[in-house]
There are 2 protein chains.
Amino acid sequence: MSLALCGERSEQAMQRLRIELKAETDRSYDVLVGRGILNDLHREIKKIGSFSSYGLVTDDFVRPLVAERLQANLRLHNINSELLSFPPGESSKNMEIVLHLCQQLIARGFDRKSLLIGVGGGVVGDVAGFTAAIFMRGIPYIQVPTTLLAQVDSAIGGKTGVDLPSGKNLLGAFHQPLLVVSDPDVLLTLPVEARREGFAEIIKAALIADPELFSLLENEGTQLLESDNEVLETIIAKAAQVKCRVVSQDEQESGLRRILNFGHTLGHALEAASHYSLTHGQAVAAGMVVAIRFSQQWAGLGQDEVDRALALIQRLGLPTGVPGDINSESLLSALEKDKKIQANICHFVLISKIGQAVIHPISVQDLKGSLDKFGTN
Amino acid sequence: MSLALCGERSEQAMQRLRIELKAETDRSYDVLVGRGILNDLHREIKKIGSFSSYGLVTDDFVRPLVAERLQANLRLHNINSELLSFPPGESSKNMEIVLHLCQQLIARGFDRKSLLIGVGGGVVGDVAGFTAAIFMRGIPYIQVPTTLLAQVDSAIGGKTGVDLPSGKNLLGAFHQPLLVVSDPDVLLTLPVEARREGFAEIIKAALIADPELFSLLENEGTQLLESDNEVLETIIAKAAQVKCRVVSQDEQESGLRRILNFGHTLGHALEAASHYSLTHGQAVAAGMVVAIRFSQQWAGLGQDEVDRALALIQRLGLPTGVPGDINSESLLSALEKDKKIQANICHFVLISKIGQAVIHPISVQDLKGSLDKFGTN
């Protein structure tokens, strides 16, 4: 017998059962920032609880620099952990790596009560977080970001995921960590270029939500890129605080969290249009430069603040414009492909002043005109 | 520079930021049971909202029997959907199939606002649900179960997942559907053996939580296995109601939801020990038989109710004992491997009377003794 296509059933004739899943949930967690605090990780873990096993997930680059030492330190405090690593770089952000990690976890007897600790940059955080999200339908994890970008941005907020051949972050989950531990001392293991990537996000945080952070960045200037800086801890904490505040109000990016996309809407389009020859930080910086100009045109951002924002981006060695070989057509086509344009409108995050974000709809015609004027040749 | 291992930081010296994620969440949803209601799916979808695209996920067996007709019916009501299918059977419950589905969704322009509809048995529900859970960090989905087992059990409750070579359901997510639509008329497309699988779970629901359902099953007897039965709708609704009630109180299996494991703790061990020559329903039935005997020994279940429960299992053509070639050692070893034994204790779901579940700890020694006595040769 088969599904009849004719006739409909009245509401009375069916049984309407209900799964009631109203709940008061609390997945709040701490983000710790401080020089040397990674030495205290054992204490923070024990505050949270005890686990059946512990897995440090890292990449082969971070492994000898940070993860092995962290493992030794945990062992000193009676926390025995397994160390799992994979090749560094964006190309490891895929499902094969996640599957391989899960199989290793199974082989080592991990279960639902095990804890994972992601130790590394954005890729490690994404891969470790997504592994934790789907292993045995979800196990707890801690983020230990070791790049500036991860400390101020990607390790906070519970977005995890991997790439597919057809695009970035197409598979993933919102899975909040139990804790984020950002120790500026581990940044010393990383080169200046990697720090610059982080500063793009720090400038973004300042521009959308923290004028004090902006002034601090202006006052510190280029010395921020040098290695041993006391001010860095304050800057990381302030930028992380912006992210914490936004995520606390909008976990799953349905509203406010979109302001974190300042510079990113066009930044992602630039990354794609450059065939990923621009780094994420460079693309975001260039995207911010265009967004700053748009902000002057559509959101009333004053000339003085435009100049200050552009000057800061330049001083930190980030791009102050779109590379000459990328034209407005290729950017519009990338925005289209990214589903950023709907009904001929693209919503941009702009700033009405330093520290104040607004969402502004821009028509494709206006966008093209402005891109031709400000953005590209 | 590297992570210093000596010296610890005082609490005062770090900045402790906080992500506040307390929320009143509501992911409640309806489970509809009724003959012919699949014809109304378009109306139920429109009640929920509108979506950017619609994807029917099914297997190659269910595709011509139900999914193609459903697609045609939806089209009649102006809902155009894409139909994606994969080979039927447990061997399709893996990450390659999920990845392939995700790539097809990308190729067909699906995005975060798309809706998936899983049309099939337990494997389809698991695969479609897990795909929805991780595609672009989670998109909405509807379950349309087409086997009795799925209608009374697996489609309800938001457990999704796939197998790894090293074990079942090792990857997955809790991802609740927006709606479950169980139409007993589509069961007519399936053979008696498949129905029998479902009855194992229906008997379980009755034994742990619904004495009225138990009486109904006793009164109806073997005719339940025949094709066109008016009573079936009532039975499905009652069994589904048990699952709805339990899941509503314990979404992520931290407490009450464990009672759904009646017959399953040993059932899973039996499946493994039989190298999956027993079906899930047969293994659960055999597991229930042992749990009923344990219930008499440890939970005060009366002889009369023991006899009634065993008689019902037998009348529906399900196993009333553990196959002779499986001994207590292999079962204990499977329980051990499944992490069901901790500190020499295994927690079993037992019943103190028909309709009343209790959790009871049994020591490995007692367990072995009882298995030798009741369970196995």
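A, B, ... follow the sequence lines: proteins, then strands. Residue 1 opens every chain.
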Asks: Which bit of A/Met136 comes within less than 4.5 Å of chain B, counting heavy atoms only: side chain, backbone, both or neither?
Replies: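 Its backbone and side chain both get close to chain B.
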
Asks: I'd like to verify something: which residue of A/Arg245, A/Glu24, A/Lys243 has the highest number of heavy-atom pairs under 4.5 Å with chain B?
Replies: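 Top count of heavy-atom pairs under 4.5 Å with chain B: A/Glu24.
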
Asks: For A/Met14 and B/Asp183, run side chain to side chain contact (heavy atoms under 4.5 Å, CB included): C-alpha distance rounded to whole Å, both residues' side-chain angles, the deciding distance at 0.1 Å, then the answer.
Replies: CA-CA 9 Å; A/Met14 70 168 87; B/Asp183 184 342; over 6 Å; no

Asks: What I'd like to find out is whether the side chain of A/Lys339 reaches to under 4.5 Å of the side chain of B/Lys113, using heavy atoms alone.
Replies: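 No. Closest side-chain heavy atoms not under 4.5 Å.
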
Asks: Can you tell me which portion of A/Ile19 sits under 4.5 Å from chain B's heavy atoms? Options are side chain, backbone, both or neither.
Replies: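 It is both, since atoms from each part get that close.
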
Asks: How long is the gap from CG on A/Leu105 to CG on B/Leu164, to the nearest 0.5 Å?
Replies: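 One finds 10.0 Å between CG of A/Leu105 and CG of B/Leu164.
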
Asks: Please classify the contact between A/Ile156 and chain B as side chain, backbone, both or neither, with a heavy-atom cut-off of under 4.5 Å.
Replies: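 The side chain, not the backbone.
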
Asks: Sort A/Leu171 into side chain, backbone, both or neither according to what part of it lies under 4.5 angstrom from a heavy atom of chain B.
Replies: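 Both backbone and side chain.
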
Asks: With a 4.5 angstrom heavy-atom cut-off, could you sort out which part of B/Ala107 is near chain A: side chain, backbone, both or neither?
Replies: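 Neither part, no heavy atoms under 4.5 Å.
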
Asks: Taking B/Ser28 for the side chain and A/Leu21 for the main chain, is one N or O donor matched with an acceptor at less than 3.5 Å?
Replies: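 Side chain of B/Ser28 to backbone of A/Leu21: a pair is present.
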
Asks: For B/Ser182, which atoms come within 4.5 Å of any heavy atom of chain A: side chain, backbone, both, or neither?
Replies: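 Contact with chain A is absent: no heavy atom of B/Ser182 under 4.5 Å.
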
Asks: So what's closer than 4.5 Å to chain A heavy atoms on B/Leu170: side chain, backbone, both or neither?
Replies: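 Contact with chain A involves both backbone and side-chain atoms of B/Leu170.
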
Asks: Against chain B, label A/Glu96 side chain, backbone, both or neither, depending on which of its atoms sit under 4.5 Å from a heavy atom there.
Replies: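 The side chain, not the backbone.
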
Asks: Within the structure provided, determine whether B/Pro165 and A/Gln103 are in side-chain contact (heavy-atom separation under 4.5 Å).
Replies: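 Yes; the side chains approach each other to less than 4.5 Å.
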
